Visitor: 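Take a look at this one; I'll ask things after.
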Amino acid sequence: MKEKFYITTAIAYTSRKPHIGNTYEIVLTDAIARYKKMLGYDVYFLTGTDEHGQKIEEIAKDAGVSPKEYVDGVAGEIKKIWDLMNTDYDKFIRTTDDYHVEAVQKIFKKLYDQGDIYKGEYEGLYCVPCESFFTETQLVDGKCPDCGREVVKTKEEAYFFKMSKYQDRLIKYIEENPEFIQPESRKKEMINNFLKPGLQDLCVSRTSFKWGVPVTFDDKHVIYVWIDALSNYITALGYSPDKKSELYEKYWPADVHIIGKDILRFHTIYWPIMLMALSQPLPKQIFGHPWLLSGIDKMSKSRGNVLYADDLVSQFGVDAIRYYLLAEMPYAQDGTISYENIISRYNADLANNLGNLVSRTVAMSKKYFDGKIMPQFEGEFDADLRDCVFKCVKNFKEKMDTFHTADALAEIFALCRRSNKYIDETMPWSLAKDESQKERLGGVLYNLIETIRIIAVMLQPFMPQTAESIFEQINAKEKSWDSVQGFGLTEEGSSVGDSKMLFARLDEKKLLDELTKEETSKDKEKETSIDANLITIDDFAKLEIKVGLVVKSEKVEGSDKLLVSQIKIGDETRQIVSGIAKYYTPDEFVGKKVCVVTNLKPVKLFGVLSEGMVLAGKDKKDLSVITLDKDIPDGTRIS
């Protein structure tokens with residue numbers, strides 16, 4: 001019977017389309033899951049979406065749709081990107097799924113009935129985008145320590161979970177299970193910063209919004225995000241307090257939750273305590289991966305530094321982006337992404353190293369032996385190459401078993417470099433000139449084909465399409481993990497397949513020039529469009545200026561200067577692009593009553609239609625949109 005392996009991602013929040021930093025997690029988890037399958041494990045891989053909360057309720061309202069309609073759209077987009085990245089998950093859970101909602105309600109009721117949840121009143125500081133409460137001392141410059149946005153004072157009736165009841169038990173568990181939180185630095189942070197200072201009881205319900213799982217015995221309340229979202233890891237397997245499904249009995253406890261380091265506290269403190277209260281086993285490990293940064297900053301739409309997986313895939317291909325994400329991210333430190341870095345790795349590792357090795361070997365096999373794979377024939381440099389292969393396989397497994405994926409990939413590409421060196425050492429082109437060296441030439445090519453086969457086996461978790469293409473080119477029959485424990489399973493007398501280019505070398509300067517030109521062109525288009533709308537004082541009487549209410553706003557993709565907003569002007573809503581993103585976040589702009597020029601000719605800025613202009617004042621240091629000091633209805637004419 002196969003040993004089971006249950007692995008999960010954190011579920012993605014359905015507030016907006018995921019960027020490439022969000023996408024890293026699903027690709028990392030997929031690589032680990034594929035590796036475990038390759039080793040023969042019975043793998044169950046869960047991912048999905050977190051779909052409730054005040055933030056989504058407000059975004060949906062601004063968009064003029066129901067929360068369910070809104071999350072249906074975003075969840076579909078997330079799933080589409082996960083599929084685009086060739087991730088082989090077993091289940092995609094949505095927290096709006098009926099079975100999950102029912103199980104969450106029963107979990108909440110059980111915890112209440114046994115006295116772990118009680119009713120009280122919450123008064124404190126709340127960040128709507130992060131859906132988190134903070135104390136005054138936790139704020140940074142008076143704002144949310146996680147996202148930097150404004151917090152609001154909140155006072156409402158709420159249910160609380162008795163976290164402190166389980167504090168000592170959790171500390172003891174963590175100390176007795178040193179692998180529970182990884183990397184090690186994350187464990188110290190949780191113990192020293194959160195557990196030892198003492199846990200406060202956790203707010204687990206809200207009354208100030210309705211988009212959530214209702215509390216069955218108190219209809220004023222919805223169940224707050226953490227009980228709802230975190231329990232997905234067991235409800236997806238069919239868990240409920242009144243029953244445990246066959247799937248749950250088989251796969252729980254999870255072998256590892258793969259999560260971002262920013263939500264480590266919730267998964268290593270709240271989640272284990274919930275499970276303790278439910279008398280259920282704890283997951284074996286929580287792995288908090290680092291962030292993928294754009295420049296030196298975490299990616300966010302409000303910063304305007306977002307890259308998206310679908311855009312990158314259209315430029316470089318799925319496996320190239322999978323490779324970059326998995327090779328660039330260190331084990332315990334943040335990684336970076338930029339077009340320059342992607343192109344550099346693409347050319348050096350994929351085109352020059354891996355691609356060149358495969359193409360040279362297949363081409364020489366066809367040229368010298370009509371594609372037929374000749375028998376092994378021992379010669380100089382062969383033993384060293386085999387030793388390198390054995391060492392690589394051993395190191396690769398050690399790295400993957402501890403989730404050092406970037407280091408595991410580095411082992412593979414070191415073997416690619418050693419194989420290319422082997423070609424230079426043995427000089428097949430020189431051997432081909434001497435008929436007496438024909439057996440040696442055949443042996444050299446055999447060694448190369450067998451090494452390439454082993455490389456492709458190890459590449460399968462990271463670059464499945466590329467690995468399969470390599471197998472086809474060398475006509476490999478043996479693709480299993482067991483087949484790389486020795487050297488010599490390539491079938492003598494068989495023939496290689498057709499040669500296909502794996503990765504064509506990119507012209508770095510040309511591609512970067514094109515990308516820069518595109519950005520410059522967009523900037524000029526924006527500036528020209530705005531300048532074209534400037535008017536003289538003589539034209540003022542022609543202007544139609546009205547009061548507008550900003551109901552929705554977000555960054556224009558690809559620009560760090562523009563916001564696109566939906567502005568209600570009486571009975572109509574206009575879409576207007578404004579160059580104010582460096583001065584206002586989308587959240588700050590929403591709700592303002594502004595002055596809108598409504599009779600300007602529509603233009604496209606960065607490809608986005610703009611149907612008016614928001615008036616603002618600007619000096620060398622700051623910009624301020626013109627707002628009204630009295631509550632005048634939107635649609636009112638300004639004169």
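Keep in mind it's a predicted model, so treat the numbers as computed, not measured.
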Visitor: Does the plane of the ring in H404 sit parallel, tilted or perpendicular to the ring in Y331? Use 30° and 60° as the thresholds.
Guide: parallel
Visitor: What residue among T87, D30, T23 forms side chain to side chain donor-acceptor pair (under 3.5 Å) with R322?
Guide: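 Exactly one candidate clears the test, D30.
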Visitor: Would you kindly say whether D384 and Y422 are connected by a side-chain donor-acceptor distance under 3.5 Å?
Guide: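 Checked: D384/Y422 side chains show no N/O donor-acceptor pair below 3.5 Å.
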Visitor: Please work out whether the ring planes of Y346 and F503 are parallel, tilted or perpendicular, with thresholds of 30° and 60°.
Guide: perpendicular
Visitor: Between Y233 and H267, how do the two ring planes meet: parallel, tilted or perpendicular, split at 30° and 60°?
Guide: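 Tilted: the ring planes of Y233 and H267 meet at 30° to 60°.
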Visitor: Considering only NZ, NE, NH1 and NH2 on the basic side and carboxylate oxygens on the acidic side, decide whether E328 and R345 come within less than 4.0 Å.
Guide: yes
Visitor: What pairs with Y24 under ring pair (Phe, Tyr, Trp, His ring centres under 6.0 Å), at least two apart in sequence or on another chain?
Guide: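 Expected list: H289.
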Visitor: Centre-to-centre under 6.0 Å for F403 and Y35, is that the case here?
Guide: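 F403 vs Y35: aromatic centres not under 6.0 Å.
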Visitor: On the 0 to 90° scale, with breaks at 30° and 60°, tag the Y446-F487 ring pair as parallel, tilted or perpendicular.
Guide: perpendicular
Visitor: Between D310 and K80 (salt bridge meaning N to carboxylate O under 4.0 Å), is one present in this structure?
Guide: no
Visitor: Can you tell me how the ring of W271 sits relative to the ring of H257, calling it parallel under 30°, perpendicular over 60° and tilted otherwise?
Guide: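 Because their plane-to-plane angle lies in the 30° to 60° range, the rings of W271 and H257 count as tilted.
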Visitor: What orientation do F45 and Y89 show, parallel under 30°, tilted 30 to 60°, or perpendicular over 60°?
Guide: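 It falls in the perpendicular class, over 60°.
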Visitor: Go through it in stages, so that I can follow the logic: the residues are L415 and I412, the test is side-chain contact (heavy atoms from CB on, under 4.5 Å), and I'd like the CA-CA distance, side-chain angles, deciding distance and then a yes or no.
Guide: CA-CA 5 Å; L415 181 55; I412 298 173; 5.7 Å; no
